[in-house]
Structure formats: structure tokens, C-alpha cells
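Have a look at the structure below before the remarks.
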Amino acid sequence: MRYQRPKGTQDILPEEAPRWRFVERTFRDICRRFGYSEIRTPIFEETELFVRSVGEDTDIVSKEMYTFEDKGGRSLTLRAEGTAPAVRAFVEENLQGQDRERLVKLYYIAPIFRQDKPQAGRYRQHHQAGIEAIGSPEPAVDAEVIDLALSFYRALGIEGTRLLINSVGCPVCAPGYVDELRASVADSVEHMCRDCRRRYDTNPLRLLDCKEETCRRVLDNAPTMLDSLCGECAEHFAGLREHLEALDIAYEIDTRIVRGLDYYTKTAFEFRHDALGAQDSIGGGGRYDGLVEQCGGPAIPGVGLGIGIERVLLVREALGLADEEQPREGSFIVTIGDEAWLPGYRLLHDLRGAGVKAEIDYRRRSIRAQMRYADAQGYLNAVILGGDEIARGIATVRDMLSGEQEEVPLEALAEHLKGDAQE
RNA sequence: GUGGGCGUAGCUCAACGGCAGAGCACCUGACUGUGGCUCAGGUGGUUGUGGGUUCGAGUCCCAUCGCCCACCCCA
């Protein structure tokens, strides 16, 4: 019986892992610069956490969660989203401490599981690099979160990222807007697509997202959330724009940006890149001022962001961005003949003990094959041990870049090769 | 979840219903103790899987799995 990986998952092979490490390392470095600390939460949570925070009527909760029951009869769900677990931990572990206005800044790199139909750039297990800034209502923090994302993209060499922003209001103004939206569409709803007729009842904000020509025409004349914001939300949105502009961050206002998670309030934003196909969102997030309280914590605001690592890698590939060059390093021990084998094997052990990357050919093939392998594997030196060398107590060290060779006494080798790496 | 396209060597791809091939990669040798360049030779396949039609199926039909594209949704 042959087995396949589950649909929509991928193996990250040795050849690709360096690209992942590069992206992860870059993200950690940016987070460090911005003062965010890492948090790692379990890969599964109580199902209720996602249901109540993300929202029962969202696609994520209603049809995409990997939910199972454990032997104790508890309903658990594989991490469907990054924010809720971080907020849960924030509340449960009281990360804020006594200072109720302290800003807590967290980041994570974690797998996310959604049982959606796979296509290019969409997987059932994908990975998000995310941040959460919990504790401040200031729009300057929203702008910082956006700035961090753009800094990250830039550090990866990704040009051409578009930033779309919107405000989805708050519990004060959003319900009024929903009523307004319903009212403006009411007369035309029977001419709209089937999805929209359903959305009209269940989640009218999603009407704004519809791409059907007839639906769009109806929505063109509909009021926008931005026109219906309450004073506080309007002020916050203006503050966001002001701070983005202070940083020279270009943005487009797109009143159709809604985000598929119910906890968002005020700011909603998304990063897109034209190098991708239909799945062109490479990151997104927004403010969630009611979520912490809803998760059993104090009534404090928060804002966060999630970036899809797979999508970022796809953009880098589409833009033809080269992989990081791996510098040559280490020593490959080339043994010739039986008398060199055990001394070579011992040398291998000693070099590793001295911190030098080293390998040997267990197949004991020809010197030619060993040299070819050493070259292909990116070794900086070939340490050649044959009858001559053994008799004289030395090794021939060949620099694989220059081709220059020198003879080094065996006992001095580890010291000699230590710290050797390509400039 | 709906609709369409595609699954052949490690990779990229050929093969009218009639002997499963090429390039790259890999291995060996030319170079008897030295990688890259060149040349010669070689290994490598249950044609995704299971059925069916046929004298004969990589090719046609059905099913199934996976990937890709679009919708939807999202990262």
C-alpha cells in the first residue's frame, strides 16, 4: 500500500526548506525590530473559541474547520485562524498584568487548517506569520501593524504590494449601516444572485463582495460603511490615514474590504499582489476591539495581521527572486585506500567535535566520485587522505574554489579548518 | 461545495490504438591520487490507481485519487 499526503497539504522538502527558513528568519527579525515577542499556542483549541470569535455564519466556521472529538468527549478544532488562540492565551495567562493600558505585542508563525477546496495558493494546511497588538485603541498602532507588514515584504524583495484599507465600523454604527444597506437593496434583492439573496438575510456585509455584474450594479448605488461611521469610528479612520501618510505609505480605500471574520471592528485592510492569480491576497488583518472581552478578558482593544507564507513564497517565485546563496563551508574527507579509512573516520569525528561541518563517503568510491560529491554538496575544502599522507602524518587540504592545495599535519587540522568559510 | 484542464523516468516533456523515448540530472570511464569543461557508455518506468472495450491501451470508455485553472472564500 502506498500512501499519499492528505489533499491540500504539502511536504516541504530539503531543497525548499531554506526558502522557508529565509522567510521565517526575516519575519522574526522584523518583529524584533518592531518590539513584538513570540508566542506559541497549541495546534488545536476548544471548538467554541473559533465559533464564538470568528462567527458562526462565516465560511471558516460553517464549513472549513477541522473539528474532532477527543476521548473525553471534548470538541476540539485544529487552529483555523491565528488571532483567537493568541487572544485566548493573552486572557488566560494574563499577559497584560496590572497595567490595563499596557500594549502587548505578540507574533507567531503557525500552521492554519481549513478544509477548503485546494487550488493555486490555497491549501488545507497553510502557514501564517502573524502579529497581534493588544491593548491600545490608537490608530497609530493600526498603522504600525501595516508598516510592519510592508517592511517584511520589502525585506523579502517583494515590490508592487498594494494596500487596501476600509473601516467596518463598530457595534455602535455597523448595525445601523447593515439596516441601511438592506433597505437600499431591498427592492432589487429578487434580481440578485442566489448567494446574495441568502446573504441578504444572513450576512448583508458580504453583499459588497459579490462579483456578479447585476449584483454589483445594485451595490454601486448602495451606501458605503464609510458614510455611516459613527463619530468615534470616523475619527479613528481619519487617524489611520493620517498616520499612514506620515509614513509615506500609499493605500487605496476599498469599501468592499470586509474580511471574513466577524470580530473585526473599525480598521480592515488587505495586501494584494498582481503576480498571483485569483488568490492574490498576501496578507490581511484589522482591528478587533471587542474580541478580548468576548474571550473573557477585560474590555480592551486590539489590532492584528496575518500573512500567508505560501503566498509570499509564490510571489517571490513569480517575481524571479533568487534564493539566498549558500556560502561554501566545511570539509569533505576524501579517503584513498584501506589504510586511510580509519584515520579518515577518526578525522571526521574530530572535525565535527571542533565545530566543522564534515562528511565522508561511506561507499568508499573513487577519489573522482568523492571529489565530485564534495563539489556538488558545496564543501569548501576537500581533505585528502591517502597512503602518502598517512605515512607522513599529514593531510592534503584542497580549496575547492581556488584549487590550491596545502599539506597540514593531522594533529593541526581541526584548528586549521575551524571557522573556515567562504567570504 | 460547483464547473473546466491535466496526471508517462528524480525533473521538463515526446510517443497515429501497434517495440515506452529524448533532454537535463545521476552513475561509470577516458583522467591507474583530484571536482567544475568535453567526450563515450550506463542505471532508471506496475504510463497516478482500479475496472472495461479491443487481437493489442500511455492512447478509447467508466470510476477513483491527486494536482492545476476559475467560481466561492481567504492567507
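Everything numeric in this text was worked out from a predicted model, so none of it was measured. Just so it is clear, the values below take in all heavy atoms, side chains as well, and ignore hydrogens, waters and symmetry mates. Naming: A, B, ... by sequence-line order, numbering from 1 per chain.
- Nucleotides A57(B) and A20(B), compared at atom P, are 11 Å apart to the nearest Å.
- The separation of G41(B) from G7(B), taken at their P atoms, amounts to 32 Å, rounded to a whole angstrom.
- When heavy atoms are screened at a 4.0 angstrom cut-off, Lys7(A) is found touching the sugar-phosphate backbone but no base atom.
- Heavy atoms of Gly130(A) sit nowhere under 4.0 angstrom from any nucleic acid atom.
- Shown here, C60(B) forms a base pair with G52(B); the pair counts as Watson-Crick or G-U wobble because both key distances fall under 3.5 Å.
- A distance of about 14 Å separates the P atoms of U8(B) and C68(B), rounded to the whole Å.
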Atom pairs under 3.5 Å, N or O on each side, protein against nucleotides 27-32 of chain B: can you list them with distances?
| residue | atom | partner | partner atom | Å |
| --- | --- | --- | --- | --- |
| U28(B) | OP2 | Arg372(A) | NH2 | 3.2 |
| A30(B) | N6 | Arg368(A) | NH2 | 2.8 |
| C31(B) | O2 | Arg368(A) | NH1 | 3.3 |

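- For the C1' atoms, the distance from G45(B) to G4(B) is 30 Å, rounded to whole Å.
- Across residues 302-312 of chain A, Gly306(A), Gly308(A), Arg311(A) each have a non-hydrogen atom less than 4.0 Å from an atom of RNA chain B (numbered order).
- Shown here are the ring pair (Phe, Tyr, Trp, His ring centres under 6.0 Å) partners of Tyr36(A), two or more places apart in sequence or in another chain: there are none.
- The closest side-chain donor-acceptor pair between Glu245(A) and His243(A), if any, does not fall under 3.5 angstrom.
- G51(B) and U46(B) are spaced 16 Å apart, taking the C1' atom of each and rounding to whole Å.
- If you check every strand for non-hydrogen atoms under 4.0 Å, Gly337(A) touches nothing.
- Residue contacts shown for Glu389(A) include a base, since a base heavy atom lies under 4.0 Å away.
- Counting heavy atoms from C-beta outward, Leu261(A) and Glu81(A) have side chains that approach closer than 4.5 Å.
- Residues of residues 30-38 of chain A having a heavy atom closer than 4.0 Å to RNA chain B: none are found.
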(request) Any chance you could lay out the ring pair (Phe, Tyr, Trp, His ring centres under 6.0 Å) test for Phe269(A) and Phe271(A), step after step, and finish with the verdict? (result) CA-CA 7 Å; Phe269(A) 60 87; Phe271(A) 299 98; 5.6 Å; yes
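- Protein atom CD of Gln119(A) is 15 Å distant from nucleotide atom C1' of G66(B), rounded to whole Å.
- Contact between the side-chain N/O atoms of Gln370(A) and the OP1/OP2 oxygens of U34(B) is not found at any separation under 4.0 Å.
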If you look only at distance, which donor and acceptor atoms sit under 3.5 Å apart when one is on a side chain in residues 337-348 of chain A and the other is two or more places apart or in another chain?
| residue | atom | partner | partner atom | Å |
| --- | --- | --- | --- | --- |
| Arg346(A) | NE | Asp350(A) | OD1 | 3.2 |
| Arg346(A) | NE | Asp350(A) | OD2 | 3.3 |
| Arg346(A) | NH2 | Asp350(A) | OD1 | 3.4 |

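- A search for side-chain contact (heavy atoms from CB on, under 4.5 Å) contacts involving Arg21(A) returns Ala17(A), Pro18(A), Arg25(A), not counting sequence neighbours.
- In a base pair of the Watson-Crick type (N1 to N3 plus N6-O4 or O6-N4) or a G-U wobble (N1-O2 and O6-N3), with each distance short of 3.5 Å, U2(B) is matched with A70(B).
- The pair Glu38(A)-Arg28(A) meets the salt-bridge criterion, with a side-chain N (NZ, NE, NH1 or NH2) lying under 4.0 Å from an Asp/Glu carboxylate O.
- For the contact set between residues 107-116 of chain A and RNA chain B, defined by any heavy atom under 4.0 Å, the members are Arg114(A), Asp116(A).
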Distance-only criterion, 3.5 Å: show the donor-acceptor pairs between side-chain atoms of residues 301-323 of chain A and protein atoms not counting sequence neighbours.
| residue | atom | partner | partner atom | Å |
| --- | --- | --- | --- | --- |
| Glu310(A) | OE1 | His127(A) | N | 2.9 |
| Glu310(A) | OE2 | His127(A) | N | 3.3 |
| Glu310(A) | OE2 | His127(A) | ND1 | 2.7 |
| Arg311(A) | NE | Gly121(A) | O | 2.6 |
| Arg311(A) | NH1 | Ser281(A) | O | 2.7 |
| Arg311(A) | NH2 | Gly121(A) | O | 3.0 |
| Arg316(A) | NH1 | Leu156(A) | O | 2.5 |
| Arg316(A) | NH2 | Ala322(A) | O | 3.0 |
| Asp323(A) | OD1 | Arg19(A) | NH1 | 3.4 |
| Asp323(A) | OD2 | Arg19(A) | NH1 | 2.5 |

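- Per the geometry, CG belonging to Asp361(A) stands 16 Å off P belonging to U34(B), to the nearest Å.
- Using a 4.0 Å heavy-atom cutoff across all strands shown, Gly121(A) reaches at least one base atom of the nucleic acid.
- In this entry G41(B) has C27(B) as its Watson-Crick or G-U wobble partner, both defining distances falling under 3.5 Å.
- Among the heavy atoms of the strands lying under 4.0 Å from Ile282(A) are primed sugar atoms or P, OP1, OP2 only; no base atom is included.
- Of the candidate nucleotides C73(B), G35(B), A75(B), G35(B) has the atom nearest to the side chain of Met400(A).
- For residues 140-160 of chain A, the salt bridge (Lys or Arg N to Asp or Glu O under 4.0 Å) pairs, not counting sequence neighbours, are Lys105(A)-Glu144(A), Asp142(A)-Arg287(A).
- Annotation for Gly55(A) and Asp262(A): closest pair CA-OD2, 3.3 Å, computed over non-hydrogen atoms.
- As rounded to the nearest Å, C55(B) and A63(B) have C1' atoms that lie 26 Å from one another.
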Polar atom pairs (N or O), protein with nucleotides 5-10 of chain B, under 3.5 Å:
none

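- Note that CG of Leu95(A) is 6.0 Å distant from CG of Leu106(A), once rounded to the nearest 0.5 Å.
- Legend: salt bridge (Lys or Arg N to Asp or Glu O under 4.0 Å) pairs involving residues 375-391 of chain A, not counting sequence neighbours, sorted by first then second residue: Arg328(A)-Asp375(A).
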(request) Carefully, step by step, assess Arg124(A) and Asp116(A) under the rule salt bridge (charged side-chain N to carboxylate O under 4.0 Å, His left out). (result) CA-CA 6 Å; Arg124(A) 289 186 169 182; Asp116(A) 204 344; over 6 Å; no
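- Nucleotide C19(B) forms no Watson-Crick or G-U wobble pair with any nucleotide shown, as no partner meets the under 3.5 Å limit on both distances.
- Nucleotide G33(B): unpaired (no Watson-Crick or G-U wobble partner with both distances less than 3.5 Å).
- A salt bridge links Arg162(A) to Glu252(A): one of the charged nitrogens lies within less than 4.0 Å of a carboxylate oxygen.
- Heavy atoms of Gly8(A) sit under 4.0 angstrom from primed sugar atoms or phosphate atoms, though from no base atom.
- Donor-acceptor pairing under 3.5 Å is lacking for the side chains of Tyr107(A) and Glu132(A).
- Side-chain N/O atoms of Thr47(A) and Thr77(A) include a donor and acceptor closer than 3.5 Å.
- A gap of 12 Å separates the C1' atoms of A9(B) and C24(B), to the nearest Å.
- The same atom, C1', is picked in C72(B) and in G3(B); the two are 12 Å apart, to the nearest Å.
- Using modelled atom types and a 3.5 Å distance limit, the side chains of Asp29(A) and Thr26(A) yield no donor-acceptor pair.
- A donor atom on one side chain and an acceptor atom on the other are not found under 3.5 Å apart for Arg365(A) and Gln370(A).
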Contacts under 3.5 Å, N or O only, protein and nucleotides 46-51 of chain B:
none

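- Using a 4.0 Å cut-off between charged nitrogen and carboxylate oxygen, Arg182(A) and Glu180(A) do not count as a salt-bridge pair.
- Distance alone, capped at 3.5 Å, places no donor-acceptor pair between the Thr9(A) side chain and the Arg5(A) backbone.
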